[in-house]
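First the structure, in the form of C-alpha cells, and then the observations on it.
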Amino acid sequence: AQSVTQLGSHVSVSEGALVLLRCNYSSSVPPYLFWYVQYPNQGLQLLLKYTTGATLVKGINGFEAEFKKSETSFHLTKPSAHMSDAAEYFCAVSDGNNNDMRFGAGTRLTVKP
Amino acid sequence: DAGVIQSPRHEVTEMGQEVTLRCKPISGHNSLFWYRQTMMRGLELLIYFNNNVPIDDSGMPEDRFSAKMPNASFSTLKIQPSEPRDSAVYFCASSLMVGGLGAGELFFGEGSRLTVL
C-alpha cells in the first residue's frame, strides 16, 4: 500500500520568498503523485500531478514539483510566494488507481507581508 | 461546467438525529468518493463507487454510516444516529476512470460541514 509523509504541518514564509513544501512517499509500484491545495472553506483542487515522463512537473499558480525516485520525494516549490498562496497543501500518492489514493496530513502555508 | 455539488454546506444537528448529505458528481464521471476531514485525523476515505457500485466501504467508521448511489448523478451519505464525534467536514469527489485505471485528478466539492451537538 502507498503512503505519504509531509514534513512540517506548518510552514511560514515572507512574501517574495521561496516556498518549499516537502513530501516523501512510499510505494511498492511506480507511483502517481499529486499536490492539491485547499483554500479556507473550500474543497481540494489539483495543483499538479506526476504520472510518467518528465520528472519536473509544472502546475498552476507558478508551482512546480520534481519527482525524485532515488529520494522517494515529490517536493513542491514556488520561487516567490504571494499572499494569495496562503492555504493548506496536500500531497497524495496512488498506484494509478484513484480508488487507492492516499493523502498526506497536509501542510498549512502562511505568507507574511 | 458545474463542478461537484454538495448539500447542505452546513448542518447543525443534535445527537441522535439522522443526517443525510448529498452529492452530485460531475457529469460523465464514473467514480465517486466520500471523504471525511477532521483536525485530528486529516482526510479519510470513507467509501468509493465505480459505475454506481460500492467498491470499498472499509473506511466507513461504523454501521451508523451508510452510503448509496442510486444513479450516476446522485449519491447520499447518511449517519443514523449521529454523535458529536461525527462532527467534521465531509467531502464528495468524482473522477473519470478509463480502462480500469484512474490517474486523473479527483474533483472535490466544497464540502458539508457537520456539527453534532
Side-chain angles (χ1 to χ4, degrees), chain A residues 1-10 23 25 27 29-54 57-61 63 65 67 74 87-108, chain B residues 2-10 21 23-26 29-51 53-59 88-113:
Chain A
Q2 296 76 239
S3 67
V4 163
T5 301
Q6 291 183 241
L7 298 175
S9 58
H10 291 86
C23 172
Y25 70 89
S27 179
V29 299
Y32 289 12
L33 294 158
F34 306 79
W35 275 99
Y36 285 83
V37 60
Q38 184 180 30
Y39 298 103
N41 299 315
Q42 295 187 24
L44 282 68
Q45 54 184 285
L46 184 71
L47 269 181
L48 49 81
K49 68 178 181 182
Y50 167 80
T51 54
T52 58
V57 181
K58 295 185 185 298
I60 62 172
N61 301 338
F63 283 93
F67 169 59
F74 191 58
E88 186 137 19
Y89 292 79
F90 292 89
C91 183
V93 62
S94 81
D95 60 358
N97 186 344
N98 280 344
N99 300 340
D100 196 25
M101 184 176 290
R102 304 300 174 97
F103 286 85
T107 297
R108 183 169 299 277
Chain B
V4 175
I5 299 173
Q6 292 187 245
S7 64
R9 290 294 313 277
H10 301 275
L21 308 178
C23 175
K24 177 179 170 56
I26 291 174
H29 282 187
N30 53 12
S31 292
L32 184 139
F33 307 78
W34 281 101
Y35 284 88
R36 178 171 69 175
Q37 186 179 40
T38 61
M39 290 292 291
M40 292 295 294
R41 302 174 69 91
L43 203 60
E44 304 172 275
L45 177 63
L46 301 178
I47 185 171
Y48 67 85
F49 296 82
N50 281 349
N51 296 315
V53 177
I55 302 301
D56 185 355
D57 65 354
S58 59
V89 181
Y90 291 83
F91 287 102
C92 176
S94 69
S95 71
L96 177 64
M97 288 185 66
V98 178
L101 292 177
E105 66 180 288
L106 295 182
F107 291 80
F108 283 79
E110 293 189 318
S112 294
R113 182 176 295 276

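Residue numbers start from 1 in every chain, and the chains themselves are labelled A, B, ... in the order their sequence lines are given, proteins ahead of strands. Just the heavy atoms: all of them, side chains too, but no hydrogens, waters or symmetry mates, feed the values below.
Within the 4.5 Å cutoff, no side-chain heavy atoms of A:L46 are placed close to those of B:F107. Put simply, the side chain of A:N41 does not reach to within 4.5 Å of the side chain of B:V89, judged on heavy atoms.
Note that CD of A:Q38 is 4.5 Å distant from CZ of B:F91, once rounded to the nearest 0.5 Å. Put simply, CZ on A:R102 and CD on B:E44 are 12.0 Å apart, with the number rounded to the nearest 0.5 Å. A:Y36 OH to B:L106 CG: the interatomic distance, rounded to the nearest 0.5 Å, is 4.0 Å.
Put simply, of B:Q37, B:R9, B:R113, the one with the most heavy-atom pairs under 4.5 Å next to chain A is B:Q37.
At a 4.5 Å heavy-atom cutoff, B:Q6 makes no contact with chain A through either its backbone or its side chain. Neither the backbone nor the side chain of B:R41 comes within contact range of chain A, judged by heavy atoms closer than 4.5 Å.
Using a 3.5 Å distance cut-off with no hydrogens or angles, the side chains of A:Q45 and B:E105 do not pair a donor with an acceptor.
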